[in-house]
Asker: 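Here's a structure for you.
Atoms considered below: every heavy atom in the structure, side chains included; atoms not considered: hydrogens, waters and symmetry mates. Chain naming here is simple, since letters A, B, ... match the order of the sequence lines and numbering starts at 1 in each.
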Amino acid sequence: MNLKLYNSLTREKETFTPINEGRIGMYVCGPTVYSDVHLGNCRTFVSFDVIYRYLLHLGYKVRYVRNITDVGHLLDDGEDRMSKGARLNQLEPMEVAQKYANGFHDIMRIFNALPPSIEPRATGHILEQIEMVQQIIDNGYGYEQNGSVYFDTMKFIAENDNVYGQLSGRVVEDLLSESRDNLKNQSEKKHPADFAIWMKASPEHIMRWNSPWSVGFPGWHLECSAMSTKYLGKTFDIHGGGNDLKFPHHENEVAQNVGSCGHAPANYWLHTNMLLMNGKKMSKSDGNTISPTELFTGDSPHVTKGYSPMIVRFFMLQSHYRSTLDLTDEALQAAEKGYRRLMEANRVLQDLQAPANASAGELDKEINDIIDQAYAEMNDDFNTPRALARLFELVTRINGLKDGHLPAEEVSTPTLSLLKETFRIFIFDLFGLKDEIEGSDNGQGLTNGLMNVILNIRQDARANKNWATSDLIRDSLKDLGIQVKDGKEGATWTVE
RNA sequence: GGUUGGGUGGCCGAGUGGCUAGGCAGAGGUCUGCAAAACCUCGUACGGCGGUUCGAAUCCGCUCCCAACCUCCA
């Protein structure tokens, strides 16, 4: 089985071959920490978390680098996002960055996303960025104007065939017609498609560093070029990010890397699609947004109730990372039911015992085939919705085995073990889900014991046809959010 | 206007020349003291108009509609 992934660069699915066998370098553009992280960002990082987890599962040694941008994003009025956040809250820019970086990490932990191997910050790599600017100038692709340095896009295009525009499909002629004059220092550029790699700081600009050209700050696109090169080399395996970064950010990044060292940064570019709400991109800037916390608590006009982090994660897994995903209350309710069904089936499965006379029959083959298919889906560009579908096909089998509908003796002991292991691997290791029912119970031993006592009393009542008592117990537990399920082997319970 | 990607059953969402996606909701049934859960069965969808083909939701053309990017955003 080999891994295929969709390369934005070629717009085709390609067989993945790492530069160094057994090792993968992966760079993902992280958040700009000027305000609370929003749910759209989370979707992208959850998507890459699953990709990271799957690559690890395949046995690769992965260096996963995800940056934090804490300087360089300019607003329309030319003010840096970080500076503005600092001014408004009377904080040091670094305090703003730290505050929201902390919040971002908290939310990532809540979503059960693994931390990256390295999480570099733009402000921690000013020297590397200055060096890269110098290299670009030395190679003839950068020019200075009044202390700012710009990338000479037209010259780069003229001297490097088919590099600029390959990612986004832009062509020079279109760029020519895209003259916009509302950007600061626009007049300093030789061409509208040129972009700043070093900006001279205006007097009131508080984020500033010394450089050969001026006291100023690096351009936005530069940080990723400099930091990916530093930690992953001039060319590495995978570069990822949100679709909205394709142009201009990633296009300019490629130009900077090629312009400074003659190498394209990455062999494979992966882009995640946008999270929508009401059919429109979820976005901080236009207010069409819901924060992770609001979604968890239900404190938002967009949802009728709160949805736990794992339900939201499950919801995201139900769509492919390259497709848009429309967030609606109805879809979340469906995800909640589906998530519970999957978790419940896993609990049932882990308790399943193979009968003594078990041997591989028709059902055994069926289960093995579905397991193989589930891995094949993941190998096909990390197709989590299809892999999930395979898991649900197994859920039907698991429940059938449990209630005796399907012949347990047709499933061999090794296959049952494999099924149990596969479920654990997919749900917990690859999808990164947690069983919130089990996880939320700190005193589980005690709770289990108490529940056994209660259910035994109810069983006695039922044996005596004392329906009033048995229903009282069931209804009272239901009020506490505990659901009692009567089965052939007695009653079981789950937290709703 | 340019670039890119879409329009799939009540909802979400896969798929891609012939073979069941899956989840949720709905209908009928089994089980149960009743209920819940679970299991079984069911609906037969692919924007519109043409074309290619033995056969298209899947390929081609035209057309309508939507979104993202082109300005900070994952």
Asker: From the list C70(B), G33(B), A74(B), which nucleotide is the closest neighbour of the side chain of N41(A)?
Answerer: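 The answer is A74(B).
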Asker: So what does Q483(A) hit on the nucleic acid, given a heavy-atom distance under 4.0 Å: a base, only sugar-phosphate, or nothing?
Answerer: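 Counting heavy atoms under 4.0 Å across all strands, the contact made by Q483(A) is with sugar-phosphate only.
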Asker: Whether K13(A) and D380(A) form a salt bridge (side-chain N of Lys/Arg under 4.0 Å from carboxylate O of Asp/Glu) is what I want to check.
Answerer: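 Yes, charged N to carboxylate O under 4.0 Å.
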Asker: Please classify the nucleic acid contact of H320(A) as base, sugar-phosphate, or nothing, using heavy-atom distances under 4.0 Å.
Answerer: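 Touches sugar-phosphate only.
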Asker: Give me the distance, rounded to whole Å, that separates U20(B) from A14(B) when you measure between the C1' atoms they each carry.
Answerer: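 13 Å, rounded to whole Å.
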Asker: Out of G15(B), A68(B), A36(B), which nucleotide sits closest to the side chain of R386(A)?
Answerer: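 Taking heavy atoms from C-beta onward, the closest nucleotide is G15(B).
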Asker: Would the number of heavy atoms belonging to other residues, nucleotides or ligands and lying under 6.0 Å from NZ of K4(A) be above 12?
Answerer: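 No, not enclosed.
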Asker: Name the nucleic acid region contacted by G165(A), choosing base, sugar-phosphate or nothing; use a 4.0 angstrom heavy-atom cut-off, strictly under.
Answerer: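 Touches nothing.
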Asker: Identify whether any heavy atom of K280(A) sits under 4.0 Å from a base atom; if not, whether one sits that close to sugar-phosphate; answer base, sugar-phosphate or nothing.
Answerer: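 The residue K280(A) makes sugar-phosphate contact but no base contact.
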Asker: Please examine the side chains of E119(A) and H105(A), heavy atoms only from C-beta on, and report whether any two atoms are closer than 4.5 Å.
Answerer: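 With C-beta onward as the side chain, the pair touches.
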Asker: Report which part of the nucleic acid E336(A) touches: base, sugar-phosphate, or nothing (heavy-atom distance under 4.0 Å, all strands).
Answerer: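 Nothing, no heavy atom under 4.0 Å.
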Asker: Quote, to the nearest angstrom, the C1' distance that separates A68(B) from G10(B).
Answerer: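 It comes out at 28 Å once rounded to the nearest Å.
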Asker: Output yes when at least one side-chain N/O atom of K337(A) is less than 4.0 Å from OP1 or OP2 of A25(B), else no.
Answerer: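 So the side chain of K337(A) is within the cut-off, an N or O lying under 4.0 Å from OP1 or OP2 of A25(B).
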Asker: Quote, to the nearest angstrom, the P distance that separates U58(B) from U71(B).
Answerer: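 Roughly 35 Å separates the two P atoms.
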Asker: Given A67(B), A21(B), G13(B), which nucleotide is nearest the side-chain atoms of L325(A)?
Answerer: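 Closest nucleotide to the L325(A) side chain: G13(B).
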Asker: Have a look at S323(A) and say if it touches a base, only the backbone sugar-phosphate, or nothing, with a 4.0 Å heavy-atom cut-off.
Answerer: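 Counting heavy atoms under 4.0 Å across all strands, the contact made by S323(A) is with sugar-phosphate only.
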Asker: When the C1' atoms of A56(B) and U3(B) are compared, how many Å lie between them, rounded to an integer?
Answerer: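 Looking at atom C1' only, U3(B) and A56(B) are 29 Å apart.
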Asker: Do any side-chain nitrogens or oxygens of N399(A) fall under 4.0 Å of OP1 or OP2 in A37(B)?
Answerer: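 No.
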Asker: Describe the nucleic acid contact of G40(A) in one word from base, sugar-phosphate, nothing, applying a heavy-atom distance below 4.0 Å.
Answerer: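 Counting heavy atoms under 4.0 Å across all strands, the contact made by G40(A) includes a base.
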Asker: Please answer whether the main-chain N or O of N7(A) pairs with a side-chain N or O of E12(A) as donor and acceptor at a distance below 3.5 Å.
Answerer: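 Side chain of E12(A) to backbone of N7(A), a donor-acceptor pair under 3.5 Å: no, none is there.
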Asker: Compute both the distance and the angle, then confirm whether R322(A) meets the cation-pi test with Y6(A): under 6.0 Å from the six-membered ring centre, within 45 degrees of the axis.
Answerer: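 Pair R322(A)/Y6(A) counts as cation-pi.
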Asker: C69(B), G23(B), U4(B): which one has an atom nearest the side-chain heavy atoms of K246(A)?
Answerer: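 Of all the options, the side chain of K246(A) is nearest to U4(B).
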Asker: Taking the side chain as every heavy atom from C-beta outward, state whether V411(A) and L352(A) have any atom pair closer than 4.5 Å.
Answerer: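 They are not in side-chain contact.
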Asker: Which part of the nucleic acid does R322(A) contact within heavy-atom distance under 4.0 Å: base, sugar-phosphate only, or nothing?
Answerer: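 Here R322(A) touches no strand at all.
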Asker: When the aromatic ring centroids of F111(A) and F296(A) are compared, is their separation below 6.0 Å?
Answerer: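 They qualify: ring centres under 6.0 Å apart.
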Asker: Is there a side-chain polar atom (N or O) of R341(A) under 4.0 Å from OP1 or OP2 of G23(B)?
Answerer: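 Yes, such a contact exists.
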Asker: Taking atom C1' in both G23(B) and G61(B), compute the distance separating them and give it to the nearest angstrom.
Answerer: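 Taking atom C1' in both G23(B) and G61(B), they lie 37 Å apart.
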Asker: On a whole-Å scale, what distance lies between the P atoms belonging to U53(B) and A21(B)?
Answerer: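 That atom pair is separated by 28 Å.
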Asker: So if I take every side-chain heavy atom of D403(A) and compare against C39(B), A36(B), G22(B), which nucleotide ends up nearest?
Answerer: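 Given the options C39(B), A36(B), G22(B), the side chain of D403(A) is closest to C39(B).
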Asker: What integer number of Å spans the P atoms of G22(B) and U63(B)?
Answerer: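 Rounded to whole Å, the distance is 37 Å.
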Asker: Can you tell me which nucleotide in A74(B), A21(B), G23(B) comes closest to the side chain of M282(A)?
Answerer: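 Nearest to the side chain of M282(A) among the choices is A74(B).
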Asker: Which part of the nucleic acid does K465(A) contact within heavy-atom distance under 4.0 Å: base, sugar-phosphate only, or nothing?
Answerer: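 Nothing, no heavy atom under 4.0 Å.
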Asker: Using Watson-Crick or G-U wobble geometry with both distances under 3.5 Å, which nucleotide pairs with C31(B)?
Answerer: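 Across any shown strand, C31(B) pairs with none.
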Asker: Check every strand shown and say whether D471(A) touches a base, only sugar-phosphate, or nothing at a heavy-atom separation below 4.0 Å.
Answerer: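 Contact class for D471(A): base.
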Asker: Measure from the side chain of T396(A), starting at C-beta and using heavy atoms only, and say which of A21(B), A25(B), C40(B) lies closest.
Answerer: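 Of the options given, the side chain of T396(A) lies nearest C40(B).
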Asker: Heavy atoms under 4.0 Å, any strand shown: does R11(A) hit a base, just sugar-phosphate, or nothing?
Answerer: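 Since only primed, P, OP1 and OP2 atoms lie under 4.0 Å of R11(A), the category is sugar-phosphate.
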Asker: Among A74(B), U16(B), A67(B), which nucleotide sits nearest the side chain of T44(A)?
Answerer: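 For T44(A), the side-chain atoms sit closest to A74(B).
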Asker: Which nucleotide sits closest to the side chain of A334(A): C69(B), G23(B), A36(B)?
Answerer: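 Of all the options, the side chain of A334(A) is nearest to G23(B).
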Asker: Under 3.5 Å, is there any donor-acceptor pair linking the side chain of R474(A) to the base of A35(B)?
Answerer: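 Such a pair exists between side chain and base.
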Asker: Less than 3.5 Å between a donor and an acceptor, one on the side chain of D486(A) and one on the base of A35(B), is that the case here?
Answerer: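 Per atom types, the contact qualifies.
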Asker: Name the nucleic acid region contacted by A331(A), choosing base, sugar-phosphate or nothing; use a 4.0 angstrom heavy-atom cut-off, strictly under.
Answerer: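 Here A331(A) touches the backbone only, sparing every base.
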Asker: Rounding to an integer number of angstrom, what distance separates C49(B) and C24(B) when you compare their P atoms?
Answerer: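 34 Å, rounded to whole Å.
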Asker: Between U3(B), C24(B), C12(B), spot the one nearest the side chain of F315(A), thanks.
Answerer: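 Output: C12(B).
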Asker: Does D479(A) have more than 12 heavy atoms from other residues, nucleotides or ligands lying within 6.0 Å of its CG?
Answerer: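 Yes, enclosed.
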